[in-house]
Chemist: 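My questions all concern the structure below.
Ligands are counted one by one from 1 in listed order, and the atoms in each one are counted from 1 as well. Hydrogens, waters and symmetry mates are skipped; everything else that's a heavy atom, side chains included, is used. These numbers were taken from a predicted model, which means no experiment stands behind them.
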Amino acid sequence: MRYDALVVGGSFAGLSAAMQLARARKKVCVVDAGAPRNRFTAQSHGFFGQDGVPPLQMIAQARAKVLAYPSVTFVEGSAVAAKADGAGGFTVSLQGRDAPLSADRLLLAFGVQDGLPDIDGVRERWGTSVLHCPYCHGYEFSDRRLGVLFAAPMPPDHALLIAEWGPTTLFLNGNADAVDGETRQKLQSRGVTIEPGRVVGLEGSAPDLAGVRIDDGRLLPIDALYVAPQPRMGSPLAEQLGCAIDDGPFGPMVRTDAFKATTVPGVYAAGDIAMPFQNATRASSDGVLAGVAVHRSLVFGA
Ligand SMILES: Cc1cc2nc3c(=O)[nH]c(=O)nc-3n(C[C@H](O)[C@H](O)[C@H](O)COP(=O)(O)OP(=O)(O)OC[C@H]3O[C@@H](n4cnc5c(N)ncnc54)[C@H](O)[C@@H]3O)c2cc1C
């Protein structure tokens, strides 16, 4: 079977795109490996009408709605290779499956995965008490003791933002020169404590956090620590296909035009891999735009 569109990634962006294509009565196949970026957190926040719902539940509900359309196929698995088929479409091979899938259009929505600071205790608290986005999880730690782990390129004055939610300590982690005089003054006048020492580990009963251990032996009590993860593409498919990839403000981004077309004709991209300032709402909206664009390209040409 040759599909009209093949969507790689069945989460916020991919399922939102597939919904538009399904409602346009196109034959769509969604391939998904089942590891969305926010799977580490118990509750997703801020999504229209779904505040506080577990992310895997949100995705399962969305998948069921999309699969209610008869022209949609869902394949659980991982796409490992994609190439143009020489007839205007694409073939995609899946891990452990002999026959490749083929489609006229390819929509990449495979998300990013986060590289975390190499500090003892970070990994097991990620998404619970080690956080990256105050708009996603800051409210739950209102007025608690907050920390910000400095790491370039995040500017140290990021701590000013976090201080909106509670008393904040900026952990310079040995980078004493990272804060100039003016920034130091701003931080201090906002009540941010600056801790210059190197962080050696997080302590407490994980996934909760009790404190941050400094290399001189002190344990500073903290309830939540904000870190800057290093996002990387969830799959090499965009590179394989020859899509241009740019350095975004928070990591690599597949280059797309205003209608989510990549630099390779017939290939579209949506969600965290194709936009800065990522969250689930924005990924879903990006997917809607991409789904409509893919449909229009099937009608009017790529
Ligand atoms: C800890 C944490 C908490 C967060 N909390 C919130 C929150 O509260 N509110 C909010 O709005 N946002 C939150 N976010 C951000 C949110 O997770 C992302 O913006 C959103 O998941 C992006 O959606 P996406 O569809 O682009 O990618 P994802 O949701 O990451 O989905 C990508 C999908 O593609 C699949 N995939 C990857 N490679 C392949 C492949 N080769 N073949 C097949 N499938 C593949 C993956 O398995 C995954 O299912 C959080 C992020 C993190 C890290």
Chemist: Taking the six-membered ring of F74 as reference, does the cationic atom of R63 (NZ for Lys, CZ for Arg) lie under 6.0 Å from its centre and within 45° of its axis?
Modeler: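 Yes - R63 lies over the ring of F74, closer than 6.0 Å to its centre and within 45° of its axis.
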Chemist: Do Y135 and W165 have their ring centres less than 6.0 Å from each other?
Modeler: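 Distance test on ring centres: under 6.0 Å, yes.
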Chemist: Should I273 be counted as touching ligand 1, given the test is an N or O pair under 3.5 Å?
Modeler: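 There is no such contact.
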Chemist: Quick check: S11 and ligand 1, any N/O pair under 3.5 Å apart?
Modeler: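 Yes.
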Chemist: So for ligand 1, is R37 a polar contact partner (N or O within less than 3.5 Å, distance only)?
Modeler: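 R37 vs ligand 1: N/O contact under 3.5 Å present.
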Chemist: Among all protein non-hydrogen atoms, which one is nearest to atom 35 (C) of ligand 1, and what is the separation to 0.1 Å?
Modeler: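 Ranking protein heavy atoms by distance from atom 35 (C) of ligand 1, first comes D32 OD1, 3.2 Å.
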Chemist: Quick test: of every protein heavy atom, which one is nearest to atom 11 (O) of ligand 1, and how far off is it to 0.1 Å?
Modeler: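 Among all protein heavy atoms, the one nearest atom 11 (O) of ligand 1 is A280 N, 2.9 Å.
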Chemist: Is the backbone N or O of F277 less than 3.5 Å from a side-chain atom of R282, with the two atoms forming a donor-acceptor pair by type?
Modeler: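 Yes, the answer is positive, given that a donor and an acceptor are paired below the 3.5 Å cut-off.
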Chemist: Which residue owns the protein heavy atom closest to atom 38 (N) of ligand 1, what's the atom, and how far is it?
Modeler: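 For atom 38 (N) of ligand 1, the nearest protein heavy atom comes out as F110 CB, 3.4 Å.
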Chemist: For atom 13 (C) of ligand 1, which candidate among C136, A283, G234 provides the closest heavy atom?
Modeler: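 Comparing heavy atoms across C136, A283, G234, the nearest one to atom 13 (C) of ligand 1 lies in C136.
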Chemist: Cut-off 3.5 Å, side chains only: do S205 and D208 have a donor facing an acceptor?
Modeler: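 Not at all, the side chains of S205 and D208 share no donor-acceptor pair under 3.5 Å.
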Chemist: Does ligand 1 have an atom that lies less than 4.0 angstrom from a heavy atom of C133?
Modeler: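 Judged by the 4.0 Å heavy-atom criterion, C133 does not count as contacting ligand 1.
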Chemist: Heavy-atom contacts under 4.0 Å between P229 and ligand 1: side chain, backbone, both, or neither?
Modeler: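 The answer is neither; P229 stays 4.0 Å or more away.
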Chemist: Is A79 close to ligand 1, meaning an N/O of one under 3.5 Å from an N/O of the other?
Modeler: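 Yes, since at least one N or O of A79 sits under 3.5 Å from an N or O of ligand 1.
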Chemist: Before signing off on this row, confirm whether V8 and ligand 1 have an N or O atom pair separated by under 3.5 Å.
Modeler: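 Between V8 and ligand 1 (N or O atoms, distance only) the closest approach is not under 3.5 Å.
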Chemist: Salt bridge (Lys or Arg N to Asp or Glu O under 4.0 Å), that's the test. Do R190 and E164 meet it? Break it down for me.
Modeler: CA-CA 9 Å; R190 183 67 177 83; E164 287 286 289; 3.1 Å; yes
Chemist: By side-chain hydrogen bond (donor to acceptor under 3.5 Å, both in side chains), which residues pair with D177, not counting sequence neighbours?
Modeler: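 Residues passing side-chain hydrogen bond (donor to acceptor under 3.5 Å, both in side chains) with D177: none at all.
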Chemist: So which protein heavy atom does atom 15 (C) of ligand 1 come closest to, and at what separation?
Modeler: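 Sorting protein heavy atoms by distance from atom 15 (C) of ligand 1 puts N279 CA, 4.1 Å first.
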Chemist: Residue-level breakdown please: for W126 versus ligand 1, do any non-hydrogen atoms fall below 4.0 Å on the side chain, on the backbone, on both, or on neither?
Modeler: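 Just the side chain.
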Chemist: For H132, is at least one N or O under 3.5 Å away from an N or O on ligand 1?
Modeler: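 No.
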Chemist: Under a heavy-atom criterion of less than 4.0 Å, does H137 contact ligand 1?
Modeler: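 It does; at least one heavy atom falls under 4.0 Å.
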